[in-house]
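Beneath this line is the structure, given in structure tokens, with notes to follow.
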Amino acid sequence: MALEKVRNILADADKHQSSVIAFDAMDYPTISSAIYGAEAARRPVIVMLYPAMDRYMPLEAFASMVKNLAAKVRVPVGLHLDHCSDYDYIVNAIKCGFTSVMADGSMLPFDQNVEFTSSVVKAARIFDVDVEGELGHVGRGTNTDDYTVEESYTRPEDAAKFADITGVASLAIAIGSAHGVYKSTPKLSIERLEEINKATDIPLVLHGGSGIPHDQLAQAFKKGINKFNVGTEFFKLNQTAADEFFKLNPEPETSFDHIDYVQRKLQDYIEQKILLTTYEV
Ligand code: 13P
């Protein structure tokens with residue numbers, strides 16, 4: 001299939017009261033295993049580039065690789081630029097073929113976040129590109145306060161106002177998750193999620209997907225999360241699978257034997273993880 005608009009993938013997830021999983025990727029093995037893992041599981045998928053990773057694969061190359069591989073599978077594949085707070089970088093990503101972008105103004109005070117995000121939405125509309133905003137900062141798992149202090153979670157009335165003024169296509173919210181490795185098991189506030197979902201009409205996004213217990217995810221998908229971002233688990237596996245290969249094969253025949261091994265592990269991981277979502281395509 002041709003690349004699918006992220007807005008259509010999220011609308012379908014919402015219709016099924018479930019979520020699509022969005023994976024950060026950085027090179028051919030990670031991009032292709034995300035797409036072929038989704039194909040094996042018969043689930044849609046979104047492939048994301050985190051801007052700092054563009055030194056491994058530049059924006060244009062990343063976009064065309066995702067586009068090229070999407071054309072080889074039957075499941076819908078979306079392409080998205082993950083966390084970006086730089087207007088010029090976002091516009092460049094759009095020019096390079098990204099059909100969905102995140103305008104991350106979550107570190108800014110409310111009004112400045114609105115101003116920044118609105119300016120990105122205005123530019124993105126010219127190219128019919130979707131924008132994900134973030135309100136209520138999703139921090140780091142290494143800092144317990146970032147995901148346990150409820151006063152910093154997204155407030156339903158703010159989310160409604162933010163969505164209304166900016167015109168974002170989706171909104172990342174803070175309800176008890178954080179990026180990277182968690183210091184302790186996170187506990188999502190499903191109650192807060194339900195309140196935000198009630199107050200807004202747009203798909204909601206959960207960041208910091210590595211390490212959240214699966215029963216909590218099932219609840220979150222049912223109660224309003226339509227896009228779920230995963231990075232750390234996937235990248236860690238990329239490394240541990242290579243370590244494992246070299247332990248098993250201290251003297252491989254060629255210097256590239258490990259690539260197939262790693263890719264198989266990554267694809268199996270994607271296939272299993274993505275089965276957390278409840279609808280086939
Ligand atoms: P993790 O790296 O914690 O899985 O989070 C990924 C993410 O939220 C990317 O936006």
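Read the numbers this way: they start at 1 and go in the same order the structure lists the ligands and their atoms. As the structure is a computational prediction, the values presented were derived from the model and not from experiment.
Taking the side chain as every heavy atom from C-beta outward, T117 and V168 approach each other to under 4.5 Å.
The backbone N or O of S184 lies less than 3.5 Å from a partner atom in the side chain of Y147, making a donor-acceptor pair. Under the 3.5 Å distance criterion, the side-chain polar atoms of R74 are left unmatched by any main-chain donor or acceptor of M1. Distance alone, capped at 3.5 Å, is enough to place a donor-acceptor pair between the H179 side chain and the G139 backbone.
Nearest protein heavy-atom contact of atom 2 (O) of ligand 1 is T232 OG1, 2.6 Å. Of the protein's non-hydrogen atoms, the one nearest atom 6 (C) of ligand 1 is G231 N, 3.5 Å. Nearest protein heavy-atom contact of atom 4 (O) of ligand 1 is S210 OG, 2.6 Å. Ranking the protein heavy atoms by distance from atom 9 (C) of ligand 1 puts D82 OD2, 3.0 Å first. Protein heavy atom at the shortest distance from atom 3 (O) of ligand 1 is G180 N, 2.8 Å. Of the protein's non-hydrogen atoms, G208 N, 2.8 Å is the one closest to atom 8 (O) of ligand 1.
Distances from atom 7 (C) of ligand 1 to the heavy atoms of H179, K236, H83, M48 show the closest one on H179.
Proximity of E233 to ligand 1 is not established, as no heavy-atom distance is less than 4.0 Å.
Ring geometry for H83 versus H207: interplanar angle over 60°, hence perpendicular rather than tilted (30 to 60°).
Using a 3.5 Å distance cut-off with no hydrogens or angles, the side chains of E233 and Y269 do pair a donor with an acceptor.
Of all atoms in ligand 1, listed by their number and element, those nearer than 4.0 Å to a heavy atom of D24 are 9 (C). Listed by atom number, the atoms of ligand 1 under 4.0 Å from V230 heavy atoms are 4 (O), 6 (C).
Closest approach of D82 and P51 over heavy atoms only: O-CD, 3.4 Å.
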